[in-house]
Amino acid sequence: MELIGDISADRPLLVLAVKEEAQFLDTDLPILLTGMGKVNAATSLATVLGRGPRPSGVVNLGTAGALRPGWTGTHVVGTVIQHDLDGELLATLTGETYGEPVVLPDGGDVTLATGDAFISDEAARARLAGRAALVDMEAYALATAAGLAGVPIRIVKHVSDEAGDGAARTWRESVAECAQALAQWARENTPYR
């Protein structure tokens, strides 16, 4: 976890997983780098929100794999699901519901699946494509942590790869271009300076 800048109640907090995604951000807004995965994302955001002060909102910027053909570009996410938690099985065991989809009021119609696995094979991609258009490793955890703290969140993802065979290589090759697109989105849609 790395917090760059100071959080204040009148400005949003930009949250990204890794420095490669943030490399072109040149902003006065505070930036939180959480590390990859749901645990890193949730604990990092919960830590800074718990310390206070709280930001006016959280903007999660990051890369995502496309689960369906033809998905490219930058997308504002409307619903985020957790793909690696078997909520139905847990409900039969405990009678409790876990891992419900999180609907974001300022989002679009894009559904993003979050899980701790980097999706890089065709079988996993095909299995998830029926539930979501995009996949990442942090957004669901960030949406949950922000929601529990009462802080609004927007999730913005730029497609880095096709979440199939070769996705890891493609991510490494495209992350700089993705970071430029995410920085451009932030300049146009946040109080960047």
Side-chain angles (χ1 to χ4, degrees), residues 1-38 40-66 71-81 102-114 132-161 171 174-193:
M1 177 180 98
E2 180 181 1
L3 178 62
I4 303 161
D6 297 316
I7 297 173
S8 63
D10 62 338
R11 301 183 310 162
L13 170 65
L14 303 181
V15 178
L16 300 94
V18 292
K19 67 182 182 304
E20 290 86 353
E21 294 172 327
Q23 65 184 299
F24 295 107
L25 291 174
D26 181 21
T27 179
D28 295 332
L29 295 176
I31 300 169
L32 175 64
L33 301 176
T34 65
M36 288 186 173
K38 293 187 303 185
N40 286 328
T43 57
S44 296
L45 184 56
T47 297
V48 299
L49 294 179
R51 286 182 188 156
R54 291 188 177 169
S56 62
V58 169
V59 180
N60 170 224
L61 301 170
T63 56
W71 280 75
T72 61
T74 304
H75 303 274
V76 178
V77 174
T79 302
V80 62
I81 63 172
V102 177
V103 178
L104 305 169
D106 292 331
D109 59 356
V110 175
T111 298
L112 172 74
T114 297
L134 303 174
V135 64
D136 86 332
M137 297 177 66
E138 297 83 24
Y140 187 92
L142 295 169
T144 301
L148 289 171
V151 177
I153 185 169
R154 292 186 83 188
I155 298 172
V156 179
K157 298 293 176 174
H158 190 83
V159 175
S160 59
D161 58 78
W171 184 88
S174 69
V175 70
E177 180 184 318
C178 295
Q180 289 176 333
L182 292 166
Q184 181 67 32
W185 187 94
R187 278 190 295 278
E188 293 172 357
N189 296 280
T190 68
Y192 198 71
R193 289 251 171 239

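Heavy atoms only: backbone and side chains are in, while hydrogens, waters and symmetry mates are out.
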Tell me, yes or no, whether the heavy-atom count around [X] atom [atom1], taken from other residues, nucleotides or ligands under 6.0 Å, exceeds 12.
X: Asp10; atom1: CG; answer: yes
X: Asp6; atom1: CG; answer: no
X: Glu177; atom1: CD; answer: no

Non-hydrogen side-chain atoms of [X] and [Y] separated by less than 4.5 Å:
X: Arg11; Y: Pro30; result: yes
X: Met36; Y: Val18; result: yes
X: Leu29; Y: Pro12; result: yes
X: Val76; Y: Asp106; result: no
X: Leu45; Y: Leu13; result: yes

Handout entry: Nearest-0.5 Å distance, SG of residue Cys178 to CG of residue Leu61
Key =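 Atom-to-atom, Cys178:SG and Leu61:CG are 12.0 Å apart.
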
Problem - From Leu25 atom CG to Ile4 atom CD1, the distance as rounded to the nearest 0.5 Å - result: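 Going from the CG atom of Leu25 to the CD1 atom of Ile4 covers 9.0 Å.
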
Practice task
Identify the residue among Val102, Leu112, Thr111 that makes a side-chain contact (heavy atoms from CB on, under 4.5 Å) with Ile81.
Solution key: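 Testing each of Val102, Leu112, Thr111 against Ile81, the sole residue satisfying side-chain contact (heavy atoms from CB on, under 4.5 Å) is Thr111.
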
Problem - Reference residue His75; test side-chain contact (heavy atoms from CB on, under 4.5 Å); the match among Asp109, Val110, Val156 - result: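 Between His75 and the candidates, side-chain contact (heavy atoms from CB on, under 4.5 Å) is satisfied uniquely by Val110.
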
Practice task
Could you pull out the closest heavy-atom pair between Arg54 and Ala149, with the gap in Å?
Solution key: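 Looking at all heavy atoms of both residues, the shortest contact is NH1-O, 2.7 Å.
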
Exercise for the section: Could you walk me through whether Asp136 and Thr114 pass the side-chain hydrogen bond (donor to acceptor under 3.5 Å, both in side chains) test, one step at a time? Expected result: CA-CA 5 Å; Asp136 86 332; Thr114 297; 2.6 Å; yes

Problem - Electrostatic pair Asp26-Arg187, nearest N-O below 4.0 angstrom - result: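 Here Asp26 does not pair with Arg187 in a salt bridge, since their nearest N and O are not under 4.0 Å apart.
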
Practice task
Keeping the roles fixed (side chain from Thr34, backbone from Asn40), state whether a donor-acceptor pair exists under 3.5 Å.
Solution key: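 Not confirmed, Thr34 side chain does not pair with Asn40 backbone.
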
Problem - Main-chain N/O of Ala179 paired with Glu21 side-chain donor or acceptor, under 3.5 Å - result: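 The answer is no, because no donor-acceptor pair under 3.5 Å joins these two groups.
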
Practice task
Walk me through it: do Ile153 and Val15 pass the test side-chain contact (heavy atoms from CB on, under 4.5 Å)?
Solution key: CA-CA 10 Å; Ile153 185 169; Val15 178; over 6 Å; no

